[in-house]
Amino acid sequence: MDILTTLNSAQREAAETISGPLLILAGPGSGKTRVITHRIAYLIRVCGISPRRIMAVTFTNKAAREMEERLKKLTSGFVRELTIGTFHAICVRILRQDGGLIGINPRFVIYDREDQLSLVKTAIKEAGFDPKQYAPSVIISVISNAKSQVISTQAFIKKGSSHFEEVVGRVYEKYQRLLEQNNALDFDDLLMKTVQLFDEQPEVLDRYRKKYQHIMVDEFQDTNLVQYKLVKQLAGGYRNICVVGDPDQSIYSWRSADLRNILSFEKDYPEAKIVLLEQNYRSTKAILETASSIISANQDRKPTKLWTENEQGELITVVETYTQQEEAQYVVSEIERLLERDEVKLAEFAVMYRTNAQSRALEEAFIRYGTPYKLVAGTRFYERREVKDVIAYLRFIHNQQDSISLLRIINIPQRGIGERTLSQLKNWANSLRVSLYQALQLMANTEGDKKPPFNHRIIKVLSGFYEIIEELVAGNQKMSLVGLFDLLIKKTGYKEYLLSMIDGEERWENVLELRTVARQYDNLAPFEGLATFLEGVTLVSDVDSYDESVGAVTLITLHQAKGLEFPVVFIVGLEEGILPHIKSFDDPAQMEEERRLCYVGVTRAKKRVYLLHAFRRNLMGSSTTNSPSRFLDDIPPQLVAGGYSGLGEESQIRDKSAFWESDIPVVSMDIPELKVGDRVLHSQFGKGMVVSYHQLEGDGEVVVAFPGVGVKKLLLSFARLEKVD
DNA sequence: CGAAAGGCTCTTTTT
DNA sequence: GAGCCTTTCG
């Protein structure tokens with residue numbers, strides 16, 4: 001019983017309700033995660049339910065990991081057999097295990113957005129259309145939407161009414177056939193095929209139903225129809241299904257998430273108990289009131305009664321700057337100001353924005369001030385070319401039907417296999433009705449008039465590639481993953497290839513980082529290691545690698561910020577056209593989602609909120625002027641420092657502009673000559689060593705490793721580095 | 001065949 | 001401003 005003593009009465013009720021359907025409507029900061037973890041701990045420790053009979057679905061892998069950590073503490077250990085993960089991760093496991101029954105080869109690879117794009121392009125062409133006339137990305141999103149609602153190709157074609165739908169229908173059909181030929185599934189397939197598996201194989205479903213006595217789903221407001229169906233299938237036996245969500249935080253409708261799932265839940269489970277978590281433990285009264293005033297302007301919602309016992313707290317700061325550069329500069333100088341007052345640490349700040357492009361101006365300001373920051377989406381490690389190349393090799397070694405990977409790697413590093421060679425190979429493979437790789441196999445293993453009609457040079461280069469792959473495939477039978485990795489680099493000459501490039505060093509380091517990731521799978525059996533590794537690298541998201549313990553300011557999109565919290569939050573770009581985004585202007589439902597996005601941002605904050613907007617902003621080269629976001633109008637002036645109520649037509653900021661400029665440190669002092677390996681002294685970070693050095697006009701950009709502090713990118717003119725011996 | 005240069009189009013958010 | 005595609009030249 002002691003497990004639940006730290007919970008308030010509503011939380012406790014939610015945690016104690018273990019049988020039957022349960023809907024928890026949890027406002028921001030209401031201890032939702034606590035309730036879920038404590039509920040699971042209660043099931044295990046008090047009710048004696050085996051962890052193996054519990055499934056918990058989270059929104060990100062990171063959330064799953066954290067929940068597991070917390071549970072380890074609460075249950076003193078034995079959570080290993082718990083099924084916990086995202087819908088996608090859980091479905092992959094199910095399909096590898098049982099997908100064979102609906103014709104899925106367990107060696108399938110998962111196609112990401114980029115792979116999808118090239119496959120859809122092929123599909124469009126094969127269906128006899130022009131990819132320039134029908135944007136592949138649009139077609140992908142229509143197909144994805146269909147899959148999210150478990151609409152098969154046949155069903156799609158049947159219901160298609162417009163000409164466009166007919167086109168998509170035919171492309172959809174081709175696309176699915178291509179996926180099959182490549183033995184690949186896209187993200188949506190992982191979910192849709194699992195639902196199909198359960199539909200078509202009742203005895204398999206029955207096995208899973210019997211296994212999972214308790215199912216919990218977090219972030220339920222952001223589930224789509226296929227996920228809802230899946231939950232419904234699995235919970236069909238015991239009906240012990242607990243879903244947790246907040247309609248006001250639904251921000252993924254563009255990914256086919258459907259708020260109506262909450263209504264469906266109440267309808268499908270009329271006996272469901274509903275628990276409201278309304279006490280907020282996170283934010284000050286001022287912040288909560290600001291958030292409420294923003295969200296209450298939405299028409300299509302039920303009113304809520306969020307409250308907090310926390311103090312009133314600081315007023316909200318609303319700032320208009322002239323440009324986005326000044327906006328960024330304000331953020332950094334304000335952070336530096338608060339840091340000096342010693343109340344807050346670097347990691348306690350977050351800067352949030354609507355679009356990734358906005359991070360650039362921020363980054364530049366952080367670099368200029370030498371203020372450490374971490375960009376959550378920034379690097380997109382797994383989308384880097386060199387990382388994708390190596391993964392494509394590994395993927396192809398795992399599954400030689402994967403022609404998308406084959407086409408990616410066949411001429412990297414350059415082997416003289418160009419477009420013409422490739423089209424000859426394709427034609428020959430098509431005429432024999434075999435895959436590209438089977439064609440290579442035939443070419444290498446047949447003699448006489450069975451030989452392909454290629455000239456000598458082409459046969460030679462293609463054979464060269466084929467032999468490398470064969471050797472690697474053989475290696476995968478007996479080597480550890482890292483062993484295979486190293487063999488791959490050696491046989492392909494990939495390291496030399498990278499190092500011959502201008503930014504080769506950095507790229508090679510990324511490959512080494514990927515190798516470090518691979519090491520985690522090294523203790524698995526040869527074949528298993530590669531399979532698990534590939535699964536892991538395709539299903540990771542940017543937030544998954546986000547580490548809050550790093551001492552740096554967080555730069556993050558509003559979408560990614562969901563579920564996180566920070567003492568101080570800056571939201572930038574509160575402008576008409578940005579937040580709310582221009583794409584939502586003609587659709588009231590989308591506009592409401594923009595508002596929820598703003599609400600999510602504000603409710604991340606514990607102590608202080610800054611809302612910024614710029615008068616002038618550069619978008620795609622040209623400069624635009626935006627008026628302040630309509631969301632700002634909904635904040636009562638008494639909550640805003642200085643009683644902001646819109647600056648009106650005559651923006652005062654133009655006069656202030658000079659003030660901001662004077663705040664920029666002036667380049668005047670001597671700039672030390674530095675080179676890699678030099679030791680330097682920084683007034684704040686102490687002693688460090690120069691890791692890289694870039695000469696700029698009248699300045700220099702250095703990356704310095706400060707022991708115990710971390711790696712920092714600095715501009716010499718601002719960082720005031722001193723060279724030491 | 002491949003590197004380099006020039007011209008085009010878009011930009012929301014992502015498992 | 002960048003990424004993608006096409007064209008051109010070696």
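Sequence lines set the chain letters: A, B, ... in the order given, protein chains first and strands last, and positions in each chain run from 1.
- A:Val226 has its side chain out of reach of A:Lys147: every pair of non-hydrogen atoms, C-beta onward, lies at least 4.5 Å apart.
- Within the 4.0 angstrom heavy-atom criterion, only backbone atoms of the sugar-phosphate kind lie near A:Arg457; the bases stay farther away.
- Note: A:Phe220 CZ to A:Asn261 CG = 5.0 Å, rounded to the nearest 0.5 Å.
- Of all nucleotides listed (C:dT6, B:dT15, B:dT13), C:dT6 comes nearest to the side chain of A:Lys132.
- Listed pair A:Thr421 / B:dC1 meets the phosphate criterion, a side-chain N or O lying under 4.0 Å from OP1 or OP2.
- Remark: C1' of B:dT15 and CG of A:Asn224 are 10 Å apart, rounded to the nearest angstrom.
- When the P atom of B:dT13 is taken as reference, atom OH of A:Tyr599 falls 24 Å away, rounded to whole Å.
- Considering only side-chain atoms of A:Asn411, the nucleotide from B:dC1, B:dT15, B:dG2 that sits closest is B:dG2.
- Annotated stems with DNA chain B as a participant read B:1-10 with C:1-10, given as range with range, by first number; only runs of 3 or more Watson-Crick or G-U pairs under 3.5 Å qualify.
- Looking only at distances, a side-chain donor or acceptor of A:Arg395 sits under 3.5 Å from a matching main-chain atom of A:Ile110.
- Look at CG on A:Asp544: it is 11 Å from C1' on B:dT14, rounded to the nearest Å.
- Between the CD atom of A:Gln325 and the P atom of C:dG1 there is a distance of 10 Å, rounded to whole Å.
- Heavy atoms of A:Glu593 sit nowhere under 4.0 angstrom from any nucleic acid atom.
- Proximity of a side-chain donor or acceptor of A:Asn298 to a complementary backbone N or O of A:Arg301 within less than 3.5 Å is not detected.
- In terms of position along DNA chain B, the nucleotide closest to A:Ile417 lies nearer the 5' end than the nucleotide closest to the other residue of the pair A:Ile417 and A:Val543.
- Partners of A:Asp544 according to the side chain to side chain contact (heavy atoms under 4.5 Å, CB included) rule, which considers only residues two or more places apart in sequence or in another chain, are A:Thr60, A:Asn61, A:Lys62, A:Val540, A:Ser541.
- For the pair A:Arg113 and B:dT15, the criterion of a side-chain N or O lying under 4.0 Å from OP1 or OP2 is not met.
- Of the two residues near DNA chain B, A:Val540 and A:Ser137, the one whose nearest nucleotide lies more 5' is A:Ser137.
- An OP1 or OP2 oxygen of C:dC5 is reached within less than 4.0 angstrom by a side-chain nitrogen or oxygen of A:Lys121.
- With centres under 5.5 Å and a plane angle under 30°, the ring of A:Trp254 is stacked against the base of B:dT13.
- In this structure, the side chain of A:Ser253 does not engage the main chain of A:Ser256 through any donor-acceptor pair within 3.5 Å.
- Distance A:Asn618 CG to C:dG1 P: 9 Å, rounded to the nearest Å.
- Note: CD (A:Glu383) to P (B:dT14) measures 10 Å, nearest angstrom.
- The distance between atom CZ of A:Arg255 and atom C1' of B:dT15, rounded to the nearest whole Å, is 5 Å.
- Residue contacts shown for A:Ser584 are absent, as no nucleic acid heavy atom lies under 4.0 Å away.
- Heavy atoms of A:Gln590 sit under 4.0 angstrom from at least one base atom.
- A:Leu230 is listed as a side-chain neighbour of A:Phe198, based on a closest heavy-atom distance under 4.5 Å.
- To the nearest angstrom, P of B:dT15 lies 13 Å from NZ of A:Lys62.
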Donor-acceptor pairs under 3.5 angstrom involving side-chain atoms of residues 555-562 of chain A: please list them, not counting sequence neighbours.
unit_1   : atom_1 : unit_2   : atom_2 : d
A:Thr557 : OG1    : A:Gln560 : N      : 3.1
A:Thr557 : OG1    : A:Gln560 : OE1    : 3.3
A:His559 : NE2    : A:Ile251 : O      : 3.1
A:His559 : NE2    : A:Trp254 : NE1    : 3.4
A:Gln560 : OE1    : A:Thr557 : N      : 3.4
A:Lys562 : NZ     : A:Asp222 : OD2    : 2.5

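- For B:dT13, the OP1/OP2 oxygens have no side-chain nitrogen or oxygen of A:Gln560 closer than 4.0 Å.
- Here B:dT14 is the nucleotide among B:dT14, C:dC5, B:dG2 with the atom lying nearest to any side-chain atom of A:Asn356.
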